[in-house]
Amino acid sequence: MSAGLIAASLIVPARMIGGRWTFPEVLIGLLAAGVAAALTGLPRGGDADPTLIIVSLAAALAVCALVLPGVSSSYLLLILGMYAPTLAAVNDRNFGYLGAFAIGAIVGLGLFVSGPQWLLKNRRRVTLVIMTGLMLGSLRALWSWQTESGEVLAPESDFGLLLLLFAIGAAVVLGILVAEAALTKRRMLSPEIVADPEPRDA
């Protein structure tokens, strides 16, 4: 179902771009999708025993995924072999580890968040194209049939059920978008506007 939700949600950034995509924008979107698919296909790293500096660096990298669509912080930690140690630090109340992680996350988020903000303000169209591509490529991580090393396998017998769940997830998002459009149109065509469509002089 999650794949259906994400797939249908691609309409949102694609629609925000406005107008028809140019050929270079299509290429940029496909490149972003390829990068996201490659990242989600990386094999998981073995559980690490990191120093506090490595913990902070990993946290700074992982927290950037909170800003980018299609990239999972948890998955980045899995790739780096830091997911299990981080969970263990939470369970064991390892405040040294957690403190280093928090510092890295705060620094990483503070340094990185200004980048997308600037891009959306000054390069809005191409930024939305890249975000759409990242969301598209992230669907690879939700493919149910793949090995621990990230190799994609052919669908199995429960493919029909998963396809149904995919359709349900997509229908939920599409229903929300249709309802939003209807409410917006209804507000734009309120009785006051219909009764007095001409602008009044100040």
Side-chain angles (χ1 to χ4, degrees), residues 1-41 62-78 109 112-146 150 152 155-156 158-199:
M1 183 178 289
S2 298
L5 293 171
I6 295 176
S9 298
L10 290 171
I11 297 174
V12 177
R15 189 173 58 181
M16 290 173 64
I17 293 171
R20 184 174 297 178
W21 288 34
T22 64
F23 182 70
E25 288 172 344
V26 172
L27 290 180
I28 292 172
L30 291 176
L31 178 61
V35 170
L39 286 175
T40 56
V63 78
C64 295
L66 297 176
V67 182
L68 292 174
V71 184
S72 168
S73 298
S74 299
Y75 196 82
L76 285 178
L77 290 176
L78 278 172
L109 189 60
F112 185 76
V113 73
S114 58
Q117 287 179 342
W118 184 90
L119 289 171
L120 284 171
K121 182 178 180 180
N122 297 277
R123 299 289 187 272
R124 177 179 176 82
R125 189 175 177 92
V126 69
T127 301
L128 289 172
V129 167
I130 293 173
M131 288 184 173
T132 305
L134 290 175
M135 290 177 64
L136 177 62
S138 70
L139 291 173
R140 185 191 187 284
L142 299 178
W143 184 254
S144 300
W145 301 280
Q146 50 185 310
V152 175
E156 297 178 359
D158 55 351
F159 178 70
L161 174 60
L162 293 180
L163 187 61
L164 175 62
L165 293 175
F166 179 94
I168 292 174
V172 169
V173 174
L174 292 175
I176 292 173
L177 293 176
V178 170
E180 178 190 21
L183 290 174
T184 301
K185 184 176 181 180
R186 185 175 181 181
R187 183 177 180 181
M188 291 175 63
L189 298 178
S190 62
E192 293 80 5
I193 297 176
V194 174
D196 188 13
E198 297 295 330

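The structure displayed is predicted, hence computed values, not measured ones.
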Problem - Distance (rounded to the nearest 0.5 Å) between Ile17 CD1 and Arg124 CZ - result: 9.5 Å
Fill in the blank from the handout: Nearest heavy-atom approach of Arg125 to Arg20 is NH2-O, 2.9 Å
Practice task
Using side-chain contact (heavy atoms from CB on, under 4.5 Å) as the criterion, point out the one residue from Thr22, Ile28, Leu134 that pairs with Val129.
Solution key: Ile28
Exercise for the section: Please report the C-alpha distance between Leu174 and Ile11 in whole Å, then the side-chain angles of each, then the deciding distance to 0.1 Å, and finally whether the side chain to side chain contact (heavy atoms under 4.5 Å, CB included) criterion is met. Expected result: CA-CA 9 Å; Leu174 292 175; Ile11 297 174; 3.4 Å; yes
Problem - Straight-line distance of Leu120 CG to Met131 CE, nearest 0.5 Å - result: 4.5 Å
Exercise for the section: Kindly give the heavy-atom pair with the smallest separation between Thr132 and Leu10, and that separation in Å. Expected result: O-CD2, 3.5 Å
Handout entry: Straight-line distance of Leu31 CG to Ile130 CD1, nearest 0.5 Å
Key = 8.5 Å
Completion exercise
Rounded to the nearest 0.5 angstrom, the CG-OG1 distance for Asn122 and Thr127 is 9.0 Å
